[in-house]
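Encoded as structure tokens, the structure appears first; notes follow it.
All values below were derived from every heavy atom in this structure, side-chain atoms included, with hydrogens, water molecules and symmetry-related copies excluded. Not measured: the values here are computed from a predicted model.
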Amino acid sequence: MTMRGYATAYGAATVLNAIANWKGSAFGISLRTSAEVVLDDSEGVRGDVEGIDTTLIVRCVESVLSHFDLDYGGVVRTRSEIPVASGLKSSSAAANAAVLATVDALGEEIDMIDAVRIGVEAALDAGVTVTGAFDDACASMLGGVVVTDNLKRCLLKRDELHSDVVLLIPEEQFFSRDVDVERCRALSRVADAVFEMAIEGDYAGAMTLNGLLYCTALRRSPEPIVLALRAGAAGATLSGTGPAYAALVDGISGDDVVEAWSSLGGRIIRAAVENRSARMGQADLFQEGI
């Protein structure tokens, strides 16, 4: 017996990084990760993604099987448009896609927030996150912009956000597990102010203040943020722990931000805020051959 399932989830960018005070905010972006899960009567689950550590996605499949009290083996594969270790939530998207693809293979149903929590636990088990990244996972799973309490794993708010996005991805990679947590938490009072801005709906202002805060905490350059704001971006930030930066733009300011960032090196991606939720049964990147 063989059961096959698919799902597609999205990347995300930061409004408020949750490391300092466990409160987080993020918005979905239109970069995708698709997962394929094939379950059978073999022993154990294995990952099959060339050049990528598959511990997280394997753990997601195992966690879903445990959730439904089932015992299958099989294989999980992912394909992604999201740069790895860049701060654009590639791990959250992979976890969400793997969880939903497993549910799809089983022919079951699951509440979206329950699915997020399964992926968050798997990410903690796999050691790819400091806080569990509940905010990032919710943005990836639900789309739009979310505000969360990561300690309680509670969704506080979700809004739709309509904006273009410009992303700057430097050549380096940075893994969340390597962050200086204590240095970030020393700035928790400022993070509390950013959280209040996000709760009140000032997402552009919140992400800009967040970016300046975490550039200080993580010893990263605020120059891309300043350049983006001078070019007309509504808001700009360091996404996650970096190294990527994200800016909210319109059609005109987007061109100007791209021009301003072009001298900094690295890769520039034009995207949009993604307000759609992750989807079971969608094999987007497998069908497109990406």
Side-chain angles (χ1 to χ4, degrees), residues 11-29 85-92 129-140 144-151 155-159 161 163-170 174 176 178-249 253 257 261 271 273:
T14 298
V15 174
L16 169 61
N17 188 315
I19 292 175
N21 64 355
W22 292 96
K23 303 296 195 304
S25 180
F27 56 86
I29 57 174
S86 63
L88 298 175
K89 325 310 179 188
S90 60
S91 293
S92 292
T129 175
V130 173
T131 68
F134 184 74
D135 51 336
D136 303 337
C138 282
S140 169
V145 57
V146 301
V147 184
T148 65
D149 183 324
N150 282 21
L151 191 59
L155 176 65
L156 303 175
K157 183 180 182 182
R158 179 193 175 275
D159 283 333
L161 183 62
S163 177
D164 291 335
V165 181
V166 179
L167 305 167
L168 172 65
I169 300 97
F174 186 82
S176 296
D178 298 326
V179 72
D180 186 338
V181 175
E182 293 307 314
R183 184 174 169 87
C184 293
R185 289 183 176 163
L187 302 174
S188 62
R189 289 184 63 186
V190 183
D192 289 341
V194 179
F195 172 71
E196 293 301 326
M197 294 170 70
I199 283 290
E200 292 171 5
D202 182 6
Y203 302 117
M207 68 187 288
T208 300
L209 184 54
N210 171 84
L212 298 174
L213 169 69
Y214 278 93
C215 281
T216 299
L218 299 171
R219 299 183 178 93
R220 295 192 175 278
S221 173
E223 186 66 9
I225 296 172
V226 175
L227 289 176
L229 296 175
R230 288 185 62 186
T237 194
L238 180 73
S239 191
T241 54
Y245 296 82
L248 293 176
V249 298
S253 63
V257 169
W261 280 355
V273 177

Between Ala12 and Ser140, what is the shortest heavy-atom contact and its length? CB-N, 4.4 Å
Minimal non-hydrogen separation, Ala198 against Val15, with atom names: CB-CG1, 4.4 Å
Looking at every non-hydrogen atom in both residues, tell me the closest pair between Ile169 and Ala244 and how far apart they are. CG1-CB, 4.2 Å
Kindly indicate whether the side chain of Lys157, heavy atoms from C-beta on, has any atom under 4.5 Å from the side chain of Leu155. no
With Leu16 as reference, evaluate Leu209, Thr237, Asp192, Val194 under the side-chain contact (heavy atoms from CB on, under 4.5 Å) test and give the passing residue. Val194
Decide if atom CZ of Arg230 counts as having more than 12 heavy atoms of other residues, nucleotides or ligands within a radius under 6.0 Å. no
Are Ile29 and Leu88 side-chain neighbours, meaning at least one heavy-atom pair lies under 4.5 Å? yes
Is there side-chain contact between Leu218 and Asp180, with at least one heavy-atom pair below 4.5 Å? no
Distance, nearest 0.5 Å, that separates OG of Ser188 from CH2 of Trp22: 13.0 Å
Would Tyr245 and Ile225 count as a side chain to side chain contact (heavy atoms under 4.5 Å, CB included) here? Give the steps. CA-CA 8 Å; Tyr245 296 82; Ile225 296 172; 4.1 Å; yes
Is Asn17 reaching over with its side chain to a backbone N or O of Gly240, donor-acceptor style, under 3.5 angstrom? yes
Could you go through the side chain to side chain contact (heavy atoms under 4.5 Å, CB included) check for Ile19 and Thr241 one step at a time? CA-CA 9 Å; Ile19 292 175; Thr241 54; 3.7 Å; yes
What distance separates Leu213 CG from Met207 CE, expressed to the nearest 0.5 Å? 14.0 Å
Leu248/Val165 under side chain to side chain contact (heavy atoms under 4.5 Å, CB included): CA gap, chis, key distance, verdict: CA-CA 5 Å; Leu248 293 176; Val165 181; 4.1 Å; yes
Provide the closest heavy-atom pair for Asp136 versus Ala26 in the form atom of the first, atom of the second, distance. OD1-CB, 3.9 Å
Test Phe195 against every option in Val190, Val147, Asp149 by the side-chain contact (heavy atoms from CB on, under 4.5 Å) rule and name the one that passes. Val147
Lys89 versus Ser239: any side-chain heavy-atom pair under 4.5 Å? yes
Is it the case that the side chain of Ser90 and the backbone of Ser86 share a donor-acceptor pair, with hydrogens and angles ignored and the cut-off at 3.5 Å? no
For Pro224 and Trp261 the tightest heavy-atom approach is O-NE1, 2.8 Å
Taking the side chain as every heavy atom from C-beta outward, state whether Thr14 and Tyr214 have any atom pair closer than 4.5 Å. no
I need the minimum non-hydrogen distance between Ser25 and Asp135, along with the two atoms involved. N-OD2, 3.6 Å
Would you find a donor on one side and an acceptor on the other, under 3.5 Å apart, between the side chain of Arg183 and the backbone of Ala217? yes
Please check: side-chain N/O of Ser253 versus main-chain N/O of Ala233, any donor-acceptor pairing under 3.5 Å? no
